[in-house]
Amino acid sequence: HFLAFLLAAGSCVLDNAVGSKPPLYGLAALVVFTVISALALEPVRRKYFELFRASHCGYLVAYGFAIAHSGSMAAYLAIPAVLYCVDWVQRLRRWGRVWTVTAASACGPLTLLSLSAPQGFTANAGQYCFVNVPSVSRNQWHPFSIVSDPGSKSGSGSGSDSAARVVFAIKSAGPGT
């Protein structure tokens with residue numbers, strides 16, 4: 001969008017020669033989105049996760065600049081913003097639930113983490129949960145796929161009299177996993 005604008009209008013727009021103000025809000029949105037994208041690159045994300053996570057709060061700033069740049073942008077962002085808010089409300093409702101680790105075993109690059117499922121918890125293999133290990137970092141929540149159905153009680157391997165468990169398979173991706 002920015003390059004097409006420059007090609008169509010020429011540099012005189014940035015010089016303010018045509019009598020209109022320069023597209024400062026659009027440029028600011030471009031800079032913020034570029035910084036966020038750079039911090040989301042895998043090498044940066046893996047080494048500086050907290051910086052990556054904090055930079056994503058910049059999306060609110062970038063969206064504000066984009067809306068100030070073009071009012072019609074609000075219409076494009078309305079549905080994603082509502083979905084994002086619904087997702088966060090759901091996360092906050094579940095925030096602070098503590099699950100008990102019942103088993104953890106490492107098999108080469110794969111770690112199986114078995115947790116006792118809270119009563120009423122339902123999930124299917126293939127869904128994911130955000131997992132936090134406070135001894136590593138209280139701020140890092142990572143999505144891990146569920147590999148067992150807590151309703152089947154098959155994750156424990158000790159028969160139907162055992163408590164329902166949720167099992168995660170976590171592949172090592174370097175330090176921290």
Side-chain angles (χ1 to χ4, degrees), residues 1-2 23-70 73-118 120-148 150 155 165-177:
H1 172 75
F2 175 69
L24 295 179
Y25 291 121
L27 290 173
L30 175 68
V31 168
V32 174
F33 279 126
T34 302
V35 168
I36 292 169
S37 298
L39 294 174
L41 294 172
E42 187 173 354
V44 177
R45 187 179 67 235
R46 289 201 183 277
K47 190 167 185 176
Y48 305 104
F49 182 80
E50 283 83 6
L51 183 62
F52 157 76
R53 185 168 183 253
S55 73
H56 278 65
C57 294
Y59 275 114
L60 298 174
V61 174
Y63 287 154
F65 284 141
I67 291 169
H69 173 66
S70 171
M73 185 63 74
Y76 293 109
L77 296 175
I79 292 174
V82 168
L83 293 174
Y84 183 78
C85 289
V86 167
D87 178 57
W88 267 101
V89 167
Q90 293 295 326
R91 286 186 194 191
L92 289 174
R93 282 185 44 227
R94 296 181 182 105
W95 200 269
R97 288 186 183 174
V98 177
W99 294 17
T100 304
V101 176
T102 56
S105 61
C107 303
L110 190 67
T111 299
L112 295 177
L113 182 64
S114 179
L115 307 172
S116 60
F121 178 80
T122 59
N124 296 312
Q127 292 180 323
Y128 69 94
C129 286
F130 283 95
V131 177
N132 172 263
V133 180
S135 62
V136 175
S137 173
R138 296 189 58 78
N139 296 323
Q140 291 189 22
W141 291 80
H142 296 278
F144 292 111
S145 296
I146 298 171
V147 296
S148 71
R165 297 179 190 219
V166 178
V167 178
F168 299 96
I170 303 168
K171 182 180 176 188
S172 176
T177 51

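Numbers here simply count residues along the sequence, with the first being 1.
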Show me the donor-acceptor pairs, under 3.5 Å and distance only, between side chains in residues 77-84 and residues at least two apart or in other chains.
residue, atom, partner, partner atom, Å
Y84, OH, W88, NE1, 3.0

Minimum heavy-atom distance between V166 and A117, given as atom pair plus value | CG2-CB, 3.7 Å

For S145, the side-chain hydrogen bond (donor to acceptor under 3.5 Å, both in side chains) test, sequence neighbours excluded, returns none

A29 and A62: which non-hydrogen atoms are nearest, and at how many Å?
-> CB-O, 3.8 Å

Could you tell me whether the side chain of I146 reaches within less than 4.5 Å of the side chain of F168, counting heavy atoms only?
-> yes

Only counting residues at least two apart or in another chain, list the ones meeting side-chain hydrogen bond (donor to acceptor under 3.5 Å, both in side chains) with R45.
-> none

Flag the pair L27 / V31 as yes when at least one side-chain heavy-atom distance between them is below 4.5 Å, and no otherwise.
-> no

With sequence neighbours excluded, what pairs up with V89 under the side chain to side chain contact (heavy atoms under 4.5 Å, CB included) test?
-> none

Would one find more than 12 heavy atoms of other residues, nucleotides or ligands at under 6.0 Å from atom OH of Y76?
-> no

So F144 and H142, would you call those rings parallel, tilted or perpendicular, with 30° and 60° as cut-offs?
-> tilted

Sequence neighbours excluded and cut-off under 3.5 Å, please list the side-chain donor-acceptor pairs for residues 50-58, or say none.
residue, atom, partner, partner atom, Å
E50, OE2, Q140, NE2, 2.8
R53, NH1, N139, O, 3.3
S55, OG, F52, O, 2.7
H56, ND1, F52, O, 2.9

Would you please name every residue forming a ring pair (Phe, Tyr, Trp, His ring centres under 6.0 Å) with F33, sequence neighbours left out?
-> Y59, Y63

